[in-house]
Visitor: 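Pasting in a structure now, in structure tokens, and then I'll have a few things to ask.
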2 protein chains.
Amino acid sequence: MFSDFSLFGFEQPFSKMKAENKHSKIISAAVKVFAKKGFFTARISDIAKEAKVADGTIYLYFNNKYDILLSVFEEEIGKIVKKTVNLIEKESDPQIMLEIFIAQHLLAMKKNKNLAEVIQIELRQSNKVIKNYRNNKFTEYIGIIGEIIEKGQKTGVYRDDVNPEIAKRAFFGALDEVSRVWNVSLETHYTVEEISSQIIQFFLSGISSPPLQVSGKS
Amino acid sequence: MFSDFSLFGFEQPFSKMKAENKHSKIISAAVKVFAKKGFFTARISDIAKEAKVADGTIYLYFNNKYDILLSVFEEEIGKIVKKTVNLIEKESDPQIMLEIFIAQHLLAMKKNKNLAEVIQIELRQSNKVIKNYRNNKFTEYIGIIGEIIEKGQKTGVYRDDVNPEIAKRAFFGALDEVSRVWNVSLETHYTVEEISSQIIQFFLSGISSPPLQVSGKS
DNA sequence: AGAACATGAATGACTATTCATTCATGTAAT
DNA sequence: ATTACATGAATGAATAGTCATTCATGTTCT
């Protein structure tokens, strides 16, 4: 891959720059079109139109339609993983790490609703299409949750009888479904903070009413 | 009335029976093929082959390819909803109702892994394909969770500060993701009971270590 | 000029759907 | 009981339409 220095906002007077612009223009367009139509219903010509390039131009940058989808995953999920890891590494308290993860995920999904949809729907579908694409970035992403939980168990803030493998899935599933619906429909009126706090509450304390605590210490 | 022998040895006394058989044979075949290949990659001829009918026969029972997918949802999810509602109605304790829902869901997903995959993947995709399909059965299904939570809040077993709309999504998402992965890969070694108890634990008590409780009696 | 880049109409492969025909079974007539 | 007729379920080859991909041609750089 050649994504070394290609950040937006800086004009480089080399011909290479032009090419990189097209590359990312096509990626962005693909995200948008895949989100709107789904991978299979999306036409190359739709993506070309959205990116304002000719159909044939797309084949100067990508091998085929699947390659576009794959590139979208690698590049876009990669960004999220990188950013999340970056933020979490600085923390040491598992509780806070988990809160950061949630907030970060919801923010990312809110910021780019199209990408959220592509990830949520096409990622699953894609296993069937691209036979040996392993979703490395995605697995890495979910793995972060598992590591946080394990860390919390070592330091004693999380129970030992919680299975981190199951927990990380349940945790991600909850986050994912909430943000999926949140993007699609009714629940638009909830804020990131509101959903964040609800999800943290679920996972840390559950939904049960707290037992009456006759506490010696409070 | 009857001819003694038919050439092929089978008697089909009622022509209608034959028809109903075909309908459900096609549905089952479709579930299998959609699960294996995904809706778009699946060919009508694949389904026909799997159902052991001719391509054209399918159009005697369904209007088109989408109609098959839609029927799969309506009929198969309908069955699950019916069975679940049936079991839950007999209960009055929200805690037990929730446990039944979880066990029921996991069992259903385990019993028919293909259906699980179709629901988990294609159901989401379908909004884009079938423009005005509202996933009525599916919404109804998730709604059950919301009702249980609300009931629990009225009787005081669940906190009032839990938002049932968000909670039902988080709850379903967790269940869904766990059973999705469970079907696909590694985690096959967990039992329904193990996963059930983990999920119940998450939602009722969270993952935090319980605060030291100094009981009133000591 | 030559190279690199871009275009979009034309190609060709693929597959959902149709429909003329066959076939199995039921009914009526003898 | 046998034959003739009627019904409509089932078939699968042919059709018709859709797109991903290519490539002959144009444009823009150095």
Side-chain angles (χ1 to χ4, degrees), chain A residues 2 6 11-27 29-30 33-34 36-72 122 125-126 128-130, chain B residues 1-27 29-30 33-34 36-72 122 125-126 128-130:
Chain A
F2 43 92
S6 63
E11 293 290 321
Q12 244 181 343
F14 298 144
S15 63
K16 195 168 188 185
M17 190 214 99
K18 215 172 186 180
E20 302 250 334
N21 271 348
K22 290 247 156 98
H23 180 94
S24 50
K25 265 175 81 178
I26 293 168
I27 289 277
V33 174
F34 286 155
K36 189 175 174 195
K37 298 198 151 192
F39 176 74
F40 289 100
T41 313
R43 306 293 150 230
I44 290 292
S45 57
D46 296 332
I47 297 173
K49 198 175 171 188
E50 178 71 40
K52 286 172 187 156
V53 299
D55 294 16
T57 304
I58 287 178
Y59 290 88
L60 298 175
Y61 297 91
F62 302 92
N63 297 324
N64 52 45
K65 199 180 169 187
Y66 299 147
D67 190 34
I68 303 173
L69 184 64
L70 207 135
S71 301
V72 166
E122 307 301 333
Q125 180 83 254
S126 70
K128 297 197 174 61
V129 179
I130 308 161
Chain B
M1 187 74 188
F2 299 121
S3 58
D4 310 3
F5 295 105
S6 82
L7 264 180
F8 297 97
F10 287 109
E11 290 294 330
Q12 297 273 11
F14 303 114
S15 62
K16 189 163 190 188
M17 193 205 101
K18 213 172 182 178
E20 303 244 333
N21 273 347
K22 291 257 153 90
H23 180 93
S24 49
K25 266 174 79 176
I26 293 168
I27 289 276
V33 174
F34 285 156
K36 190 175 173 197
K37 299 197 150 194
F39 176 74
F40 289 101
T41 315
R43 306 289 150 237
I44 290 291
S45 56
D46 296 332
I47 297 173
K49 199 175 172 188
E50 178 71 40
K52 286 172 188 158
V53 299
D55 294 16
T57 306
I58 287 179
Y59 290 88
L60 298 176
Y61 297 91
F62 302 91
N63 298 325
N64 52 44
K65 200 180 169 187
Y66 299 147
D67 189 33
I68 303 174
L69 185 64
L70 205 137
S71 301
V72 165
E122 307 302 332
Q125 180 84 255
S126 71
K128 296 197 177 59
V129 179
I130 307 160

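Residue numbers start from 1 in every chain, and the chains themselves are labelled A, B, ... in the order their sequence lines are given, proteins ahead of strands. Keep in mind that the numbers below use all heavy atoms, side chains included, and drop hydrogens, waters and symmetry copies.
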Visitor: Which one, dT17(C), dA20(D), dA10(D), comes nearest to the side chain of L60(B)?
Guide: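 Looking only at side-chain atoms, L60(B) lies closest to dA10(D).
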
Visitor: Does K22(A) have a side-chain nitrogen or oxygen under 4.0 Å from the phosphate oxygens OP1 or OP2 of dC5(C)?
Guide: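 K22(A) to dC5(C) OP1/OP2: no side-chain N or O under 4.0 Å.
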
Visitor: Starting from C1' on dC5(C), measure out to CG on N21(A) and report it in whole angstrom.
Guide: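 Computing the N21(A):CG to dC5(C):C1' distance gives 14 Å.
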
Visitor: In whole angstrom, give the distance that lies between atom NZ of K52(B) and atom C1' of dA10(D).
Guide: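 The distance from NZ of K52(B) to C1' of dA10(D) comes to 17 Å, rounded to the nearest Å.
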
Visitor: Rounded to the Å, how far apart are Y59(A) OH and dC23(D) P?
Guide: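 Rounded to the whole Å, the gap is 13 Å.
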
Visitor: For the side chain of R43(A), starting at C-beta, report the closest nucleotide among dA20(D), dA16(C), dT7(C).
Guide: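 Looking only at heavy atoms from C-beta outward on R43(A), the closest nucleotide is dA20(D).
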
Visitor: For A42(B), which contact category applies under a 4.0 Å heavy-atom criterion: base, sugar-phosphate, or nothing?
Guide: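 Answer is sugar-phosphate: A42(B) comes under 4.0 Å of backbone atoms only.
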
Visitor: Which nucleotide sits closest to the side chain of I44(B): dG12(D), dA16(C), dT22(D)?
Guide: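 Per side-chain heavy atoms of I44(B), the pick is dA16(C).
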
Visitor: Return the nearest nucleotide to the side chain of T57(A); candidates are dA6(C), dA16(C), dA9(D).
Guide: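 Closest of the options to the side chain of T57(A): dA6(C).
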
Visitor: What is the separation between atom CZ on F62(B) and atom P on dT18(C), rounded to the nearest whole Å?
Guide: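 Atom CZ in F62(B) sits about 15 Å away from atom P in dT18(C).
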
Visitor: List the residues meeting ring pair (Phe, Tyr, Trp, His ring centres under 6.0 Å) with F62(A), not counting sequence neighbours, and say none if there are none.
Guide: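 For F62(A), the residues satisfying ring pair (Phe, Tyr, Trp, His ring centres under 6.0 Å) (neighbours in sequence not counted) are H23(A).
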
Visitor: Checking the side chain of K65(B) only, and the main-chain atoms of F39(B) only, is there a donor and an acceptor separated by less than 3.5 Å?
Guide: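 At least one qualifying donor-acceptor pair exists.
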
Visitor: Could you tell me which non-hydrogen atom of D46(A) sits nearest to which non-hydrogen atom of V33(A), and how far apart they are?
Guide: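 Scanning both residues completely, I find the closest heavy atoms to be CB-CG1, 3.8 Å.
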
Visitor: Can you name the closest pair of heavy atoms from I26(B) and A51(B) and give their distance?
Guide: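 Looking at all heavy atoms of both residues, the shortest contact is CA-CB, 4.1 Å.
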
Visitor: Send over the distance from F40(B) CZ to dA20(D) P, rounded to a whole Å.
Guide: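 Answer to the nearest Å: 12 Å.
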
Visitor: Report the distance from atom CD1 of I47(B) to atom P of dT17(C), rounded to the nearest whole Å.
Guide: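 Result: 10 Å.
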
Visitor: Starting at atom CG of N64(B), determine the distance to atom P of dT15(C), rounded to an integer number of angstrom.
Guide: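 For the pair N64(B) CG and dT15(C) P, the rounded distance is 17 Å.
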
Visitor: Without decimals, in angstroms, what is the distance between I26(A) CD1 and dA6(C) C1'?
Guide: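 Checked: the CD1 to C1' distance equals 11 Å.
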
Visitor: Look at the side-chain N and O atoms of Y61(B) and state whether any lies under 4.0 Å from the OP1 or OP2 oxygen of dA9(D).
Guide: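 It does not, given that no N or O in the side chain of Y61(B) lies less than 4.0 Å from OP1 or OP2 of dA9(D).
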
Visitor: Between dT21(D), dA10(D), dT17(C), spot the one nearest the side chain of D55(A), thanks.
Guide: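 For the D55(A) side chain, the nearest candidate turns out to be dT21(D).
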
Visitor: For Y61(B) and T57(B), which heavy atoms make the closest approach, and how far apart are they?
Guide: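 Shortest heavy-atom contact: CD1-O, 3.2 Å.
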
Visitor: Check whether any side-chain nitrogen or oxygen of K65(A) sits under 4.0 Å from OP1 or OP2 of dT21(D), and answer yes or no.
Guide: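 False: K65(A) side-chain N/O out of range (4.0 Å or more) of dT21(D) OP1/OP2.
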
